[in-house]
Protein chains: 2
Amino acid sequence: MGTTSTSRTVDAVQISLNIIEFLQERDGAGITEIAEALEYSKGTVHSHMATLAENEYVVKHDGLYRLSLRYLELAETVKDRLQIYDVVREELDELAADSGELAQFATEEHGRAVYIYKTGGEKAVQTASSVGDREYLHCISLGKAMMAHMDDDRVEEIIEQHGLAEFTSSTITTREELFAELETIREQGYAFDREEKIEGLRCVAAPVVTKGEVVGALSVSGPASRFEGEVYEEELPEMVTRSANVIEINSQFS
Amino acid sequence: MGTTSTSRTVDAVQISLNIIEFLQERDGAGITEIAEALEYSKGTVHSHMATLAENEYVVKHDGLYRLSLRYLELAETVKDRLQIYDVVREELDELAADSGELAQFATEEHGRAVYIYKTGGEKAVQTASSVGDREYLHCISLGKAMMAHMDDDRVEEIIEQHGLAEFTSSTITTREELFAELETIREQGYAFDREEKIEGLRCVAAPVVTKGEVVGALSVSGPASRFEGEVYEEELPEMVTRSANVIEINSQFS
DNA sequence: AAAAACCGTTCGCAACGGACGAACATTTAT
DNA sequence: ATAAATGTTCGTCCGTTGCGAACGGTTTTT
């Protein structure tokens with residue numbers, strides 16, 4: 001049921017990208033190891049490694065190939081182009097300090113949420129998620145906050161592409177539930193995560209919208225034990241929306 | 001006089017890498033623009049973009065292709081694997097606070113220095129360099145500190161590869177001067193940059209050596225007006241070497 | 001110490017992949 | 001409405017690329 005019209009692609013490039021992905025998982029690998037794992041011939045892998053090494057995308061250090069530091073440079077340029085990055089960073093640090101909880105910012109890309117920045121207050125929970133990680137939109141507050149400000153068509157597209165996987169008993173798994181939830185979010189201006197992704201973890205998120213377009217969302221996460229009652233229902237939503245507004249205003253200047 | 005034995009490489013991959021590099025410089029480009037700039041046919045570029053987009057290395061946003069956030073993820077894994085990263089960060093922040101100046105850490109890769117972390121004290125100079133940037137080794141204190149702890153063969157190789165370009169009247173431009181300087185650095189344990197790269201900018205650097213191998217170097221930079229006399233000749237060198245030692249010791253545990 | 005195993009590297013060869021360019025859509029500008 | 005520019009598709013032909021086997025070099029096994 002692929003919605004993708006599948007343009008023509010370049011197999012050779014695909015091989016190199018597979019190798020890069022492999023090196024991302026396994027730290028330091030030799031030619032033979034790569035060749036066996038990905039089922040290419042040694043010769044093939046060799047010429048690809050030569051190309052990647054020549055362009056400094058991988059480094060060979062005592063017989064093992066690793067991803068090079070070039071990705072730091074690339075990441076830096078990507079960050080620089082998210083003009084709001086500095087504003088986000090500043091405001092989120094403050095939010096984390098005020099709430100004492102974990103504060104995060106994410107953007108949407110390819111129908112998933114990408115974590116851009118995370119900063120912890122004193123009591124902050126330690127989640128596995130870190131910068132660059134991707135997550136489905138329908139099961140986290142950040143994601144729902146962003147989807148609430150997209151065209152219905154786009155939302156349909158995303159559902160089509162990624163489905164609505166169930167993670168806990170509270171996860172939204174039907175189209176109807178989801179659209180109803182998005183409507184609610186639009187009305188109140190913020191989104192909850194009621195342990196929909198991880199049992200015991202609750203979040204509150206608000207979208208960041210500039211020029212009518214949602215550029216991301218920020219959230220605060222914490223254990224169900226602290227995220228309840230008035231704090232969860234009113235205080236945190238207020239803090240989160242206020243921070244979102246600050247970012248919206250400050251990001252006008254760039 | 002390329003020292004590279006030039007293994008067989010994959011042209012198709014080279015094209016994709018060229019495109020990525022192009023997108024790194026120019027933010028947001030269309031098919032035609034890329035095709036003209038790099039002198040490939042539109043059809044070629046199209047299929048490469050399809051491949052890169054499918055693997056989420058680029059994103060198409062209202063008609064323009066950009067580098068995706070995937071590089072954040074890649075950068076994060078690369079950082080995680082520099083086990084010393086956290087130690088460096090902590091110690092450099094302290095060094096910057098103590099000295100009030102700009103503190104930096106770099107590693108060598110492909111015969112050049114790659115900046116890994118930078119942090120500024122109150123008075124810190126604002127240099128153009130930022131994380132991921134590369135610099136030649138012979139003209140900066142960080143680079144000379146690292147070279148001082150490499151085999152002579154390796155140093156020769158680097159000279160061969162990158163030459164000894166002149167930036168200011170103080171830049172070291174001959175093999176003899178360089179080797180003499182490296183000898184001095186080995187004796188005293190730290191390296192100076194006497195406005196060898198940028199007129200008016202001076203630095204002091206110390207190498208970080210673990211298990212007999214140089215894993216990087218750290219430096220402090222500032223204007224010639226503040227970097228002189230006893231401060232420049234004694235205090236800063238001492239601070240820098242002390243920090244390097246702390247990192248060496250703390251990075252044993254990983 | 002010999003032998004076996006393993007690794008990276010090179011190279012010839014056949015085949016299929018990919019770059020080109022023209023033509024067709026589609027959008028934007030005039 | 002016309003024109004210009006951009007993205008997309010596709011047939012074709014050449015050349016690249018992936019394969020497999022073989023070669024040195026190093027390490028491990030017996």
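Here is how names work: the chains are called A, B, and so on, in the same order as the sequence lines, proteins then strands, and each is numbered from 1.
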*Rounded to the nearest angstrom, tell me the gap between atom NZ in B:Lys60 and atom P in D:dT6.*
15 Å
_In whole Å, I'd like the distance from the NE2 atom of B:His46 to the P atom of C:dA22._
18 Å
*asked:* Using the rule salt bridge (charged side-chain N to carboxylate O under 4.0 Å, His left out), only one of A:Glu36, A:Glu33, A:Glu21 pairs with A:Arg26; which is it?
replied: A:Glu33
_Distance criterion of 3.5 Å, no angle test: do you see the side chain of B:Arg8 paired donor-to-acceptor with the base of D:dG18?_
yes
*Between B:Arg70 (side chain) and B:Tyr57 (backbone), is there a donor-acceptor pair under 3.5 Å?*
no
_Residue met sooner reading DNA chain C from 5', once A:Tyr65 and A:Val10 are mapped to nucleotides_ = A:Tyr65
*Rounded to the Å, how far apart are B:Asp11 CG and D:dG15 P?*
12 Å
*Considering residues at least two apart in sequence or located in another chain, which fulfil the salt bridge (Lys or Arg N to Asp or Glu O under 4.0 Å) criterion with A:Asp27?*
A:Arg66, B:Arg81
*Base, sugar-phosphate alone, or nothing: which one does B:Gly43 contact when heavy atoms must sit under 4.0 Å apart?*
base
*asked:* Would you say B:Thr44 places a side-chain N or O within less than 4.0 Å of OP1 or OP2 belonging to C:dG18?
replied: no
_B:Glu39 vs A:Thr32, nearer the 5' end of DNA chain C by closest nucleotide_ = A:Thr32
*Is there a donor-acceptor pair under 3.5 Å between the side chain of B:Thr51 and the backbone N or O of A:Val10?*
yes
*Of the listed nucleotides C:dA19, C:dG8, D:dT8, the one nearest the side chain of A:Ile31*: C:dG8
*Is there a donor-acceptor pair closer than 3.5 Å between any side-chain N or O of A:Ser47 and the backbone N or O of B:Thr9?*
no
*Degree of bending, the helix from C:dA1-D:dT30 to C:dT30-D:dA1 (end axes from five pairs; round to 10°)*: 50°
_Residue-phosphate contact under 4.0 Å: A:Ser7 side-chain N/O, D:dT9 OP1/OP2_ = yes
_B:Glu248 and its side chain to side chain contact (heavy atoms under 4.5 Å, CB included) partner, picked from B:Ile84, B:Val208, B:Val215_ = B:Val208
*How close or far is atom P of C:dT27 from atom CG of B:Asp62, stated in whole angstroms?*
14 Å
*asked:* Can you work out whether A:Lys42 or A:Ala12 has the more 5'-proximal nearest nucleotide on DNA chain D?
replied: A:Ala12
*Check: B:Ser68/B:Glu56 side-chain N/O donor and acceptor closer than 3.5 Å*: no
_Rounded to whole Å, please give me the gap between CD in B:Glu36 and P in D:dA5._
10 Å
_Measure CE/A:Met49 against C1'/D:dG18 and give the value in whole Å, please._
16 Å
*Earlier contact from the 5' end, DNA chain D, for A:Ser47 and B:Leu64*: B:Leu64
*Classify the nucleic acid contact of B:Thr51 as base, sugar-phosphate or nothing, counting any heavy atom under 4.0 Å across all strands shown.*
nothing
*How long is the line joining NE2 of B:His48 and C1' of C:dG17, in whole Å?*
11 Å
